[in-house]
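First the structure, in the form of structure tokens, and then the observations on it.
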2 protein chains.
Amino acid sequence: MGENARVADTKTRAEGDTATRILDAAERLVQIRGFNGFSYADVAEELGVTKARLHYHFAGKAELGEALITRYAARFAESLAKIATRPSDSRAKLDAYAKLYADVLRDEQRMCLCGMLAAEYQTLPKRMQDAVLTFFDDNEEWLRGVLEQGQREGTLRFTGSPDEAARMIVSGLEGAMLVARSYGDVSRFRTAATRLMTSLTDPASRPRT
Amino acid sequence: MGENARVADTKTRAEGDTATRILDAAERLVQIRGFNGFSYADVAEELGVTKARLHYHFAGKAELGEALITRYAARFAESLAKIATRPSDSRAKLDAYAKLYADVLRDEQRMCLCGMLAAEYQTLPKRMQDAVLTFFDDNEEWLRGVLEQGQREGTLRFTGSPDEAARMIVSGLEGAMLVARSYGDVSRFRTAATRLMTSLTDPASRPRT
DNA sequence: GTCTATAACGAGATAGAC
DNA sequence: GTCTATCTCGTTATAGAC
């Protein structure tokens, strides 16, 4: 079974390696230049392979784009699950959530994949559009859970529904990335993110203390 | 002099008409599809003219793009000046500011021109990049003024510097537009914007009341 | 100022050999 | 699986007639 596992793993790696390397390069390009700002030729050149090879693994740009979002969303969901299981209070979870965005931005000044695609939304293939919305939906649902927890525990105090607050967090962080990236200044993101999160604790919690 | 004025006006209109119509169509396309998502052919078709005509008025896409930002920023500055001279309190000014964004979004679900270009920032000609940053700088400076006024008057209470708060407002509104537009749901923007502005008044002002 | 015509290039995509 | 070669189309841009 150790054999089989290794074989399967090698097989996956051998087959997946090319696909994975394509996804890695394409993901980076989309996050930096946008879906309409990169081409198969760009990816091929970066990997030192031919365009035909890309078409073998991903029939067209639409399929590649869809695969990008799926993988990105899955990775994000994994990170969220990890944060959720940590026995920390909800404010700490929100900070960890914001750090996910900061990590993306710090990596070569990348934009959130789905934030970038949101800008190009109207030009995307339908399936990519749907996948982008699902990403946002999942993030908002996770945040809603954390916010409800914080409200019950008394760690967080905010006006409006947890759902509304969750939406503000997502859009606020996406916007902070968007602008900070143009300035090439990660600290811009950090301060905006901190202010955003603080607005859910300090100001509203002080009155009753 | 009335003659001259009329002649000059007509001349401006006769010459400017084509250029203006090009700018109008291109602006709309960039706000909806992005700078990398539209072409001279798109503009030409929409206006029922040839591509060559566009090149006569705007040498290249870079020049057209630059003109777009310049005009957009000038119009925005005008609106800001109008808001500033109104004898309203600073909270009302912030609401009026947010309404500027809402109006853009309501118009065919357009994204803020510079928010859109911020996403494509890394692919833009240098002069366009600079113009985008200037737009954000101008907005933040205007907001800083309003926030300082509010702080002095006691209408607004917030933690951190007015400058930081101004940056959060700009990025928060841009992000709210970005996400709301994908959902095709303007109310998403409205609630996010309201929450954002409220975080500068209600929560922090309650404790001392 | 506006047109027709076309150049020059890059895009996404496919056929078929290996 | 990966290559070479090629197709077709759309892109920005220009030349030159009107």
Side-chain angles (χ1 to χ4, degrees), chain A residues 7-27 29-30 32-69 117 120 122-129, chain B residues 7-27 29-30 32-68 117 120 122-128:
Chain A
V7 169
D9 189 53
T10 306
K11 213 169 178 180
T12 303
R13 222 176 276 261
E15 251 183 12
D17 223 355
T18 299
T20 301
R21 285 173 58 223
I22 292 171
L23 287 171
D24 288 342
E27 181 179 79
L29 284 168
V30 174
I32 292 175
R33 306 179 47 89
F35 191 71
N36 294 327
F38 91 104
S39 70
Y40 264 40
D42 294 328
V43 178
E45 191 184 21
E46 193 161 310
L47 298 182
V49 301
T50 63
K51 288 185 290 175
R53 187 138 141 197
L54 309 189
H55 281 288
Y56 173 80
H57 291 279
F58 301 96
K61 214 185 172 188
E63 287 77 18
L64 173 56
E66 214 186 322
L68 285 177
I69 306 173
L117 295 176
E120 304 176 288
Q122 321 256 40
T123 71
L124 300 179
K126 182 74 143 277
R127 297 173 66 99
M128 285 185 67
Q129 291 185 330
Chain B
V7 168
D9 189 54
T10 307
K11 213 170 180 180
T12 303
R13 223 176 274 260
E15 250 183 13
D17 223 356
T18 300
T20 301
R21 284 172 58 225
I22 292 171
L23 287 171
D24 288 342
E27 181 178 81
L29 283 167
V30 174
I32 292 176
R33 306 179 47 89
F35 191 71
N36 294 326
F38 91 105
S39 70
Y40 264 40
D42 294 330
V43 178
E45 191 184 21
E46 193 162 311
L47 298 182
V49 301
T50 63
K51 290 182 287 173
R53 188 138 142 197
L54 309 190
H55 282 287
Y56 173 80
H57 292 280
F58 302 96
K61 215 186 173 188
E63 288 76 18
L64 173 56
E66 215 186 321
L68 285 176
L117 295 176
E120 303 176 288
Q122 322 258 40
T123 71
L124 300 180
K126 182 75 142 278
R127 297 173 66 100
M128 286 185 67

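Model, not experiment: these values are computed from the prediction. By convention in this document, chain letters (A, B, ...) are assigned in the order of the sequence lines, proteins followed by strands, and residues within each chain are numbered from 1.
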To the side chain of [X], which of [options] is closest?
X	options	answer
A:H55	C:dG12, D:dT2, D:dT14	C:dG12
A:S39	D:dT2, C:dT2, C:dA11	C:dA11
A:V49	C:dT2, C:dC3, D:dC3	D:dC3
B:K51	D:dT12, C:dA13, C:dT2	D:dT12
B:H57	C:dA11, C:dT2, D:dG1	C:dT2
B:R53	C:dC3, D:dT2, C:dG12	C:dC3

Query raised in the report: Can you tell me if B:T20 and B:D17 form a side-chain donor-acceptor pair at under 3.5 Å?
Result: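 No, B:D17 and B:T20 have no side-chain donor paired with an acceptor closer than 3.5 Å.
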Query raised in the report: Tell me: CG of B:L64 to P of D:dT11, nearest whole Å?
Result: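 My rounded result for the distance is 15 Å.
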Query raised in the report: Roughly, in whole Å, what's the span from OH in A:Y40 to P in D:dG10?
Result: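 Computing the A:Y40:OH to D:dG10:P distance gives 19 Å.
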Quiz: residues 46-54 of chain A side-chain donor-acceptor pairs under 3.5 angstrom, not counting sequence neighbours:
residue, atom, partner, partner atom, Å
A:E46, OE1, A:R28, NH1, 3.3
A:E46, OE2, A:R28, NH1, 3.2
A:T50, OG1, A:R53, N, 3.4

Query raised in the report: Does the side chain of A:T50 get closer than 4.0 angstrom to OP1 or OP2 of D:dT2 through an N or O atom?
Result: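 It does not, given that no N or O in the side chain of A:T50 lies less than 4.0 Å from OP1 or OP2 of D:dT2.
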Query raised in the report: Heavy atoms under 4.0 Å, any strand shown: does B:Y56 hit a base, just sugar-phosphate, or nothing?
Result: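 Base, at least one base heavy atom under 4.0 Å.
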Requested in this report: With heavy atoms under 4.0 Å as the rule, sort B:F38 into base, sugar-phosphate or nothing.
Outcome: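 Sugar-phosphate only.
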Requested in this report: Could you list the residues that satisfy salt bridge (Lys or Arg N to Asp or Glu O under 4.0 Å) with B:D24, not counting sequence neighbours?
Outcome: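 In terms of salt bridge (Lys or Arg N to Asp or Glu O under 4.0 Å), with neighbours along the sequence ignored, B:D24 is linked to B:R71.
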Distances under 3.5 Å only, N/O to N/O: pair up the protein atoms with those of nucleotides 15-18 of chain D.
none

Query raised in the report: Is there side-chain contact between B:T123 and A:I32, with heavy atoms separated by less than 4.5 Å?
Result: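 Answer no - side chains too far apart.
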**Report entry** side-chain hydrogen bond (donor to acceptor under 3.5 Å, both in side chains) against A:E66, all qualifying residues, sequence neighbours excluded
**Finding:**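 For A:E66 the side-chain hydrogen bond (donor to acceptor under 3.5 Å, both in side chains) partners, ignoring immediate neighbours, are A:R127.
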Query raised in the report: Can you name the residues that form a side-chain hydrogen bond (donor to acceptor under 3.5 Å, both in side chains) with A:E27, not counting sequence neighbours?
Result: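 With neighbours one apart ignored, the set is A:R75.
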Requested in this report: Please list, chain by chain and in numerical order, all residues satisfying ring pair (Phe, Tyr, Trp, His ring centres under 6.0 Å) with B:F58, sequence neighbours excluded.
Outcome: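 For B:F58 there are no ring pair (Phe, Tyr, Trp, His ring centres under 6.0 Å) partners, ignoring immediate neighbours.
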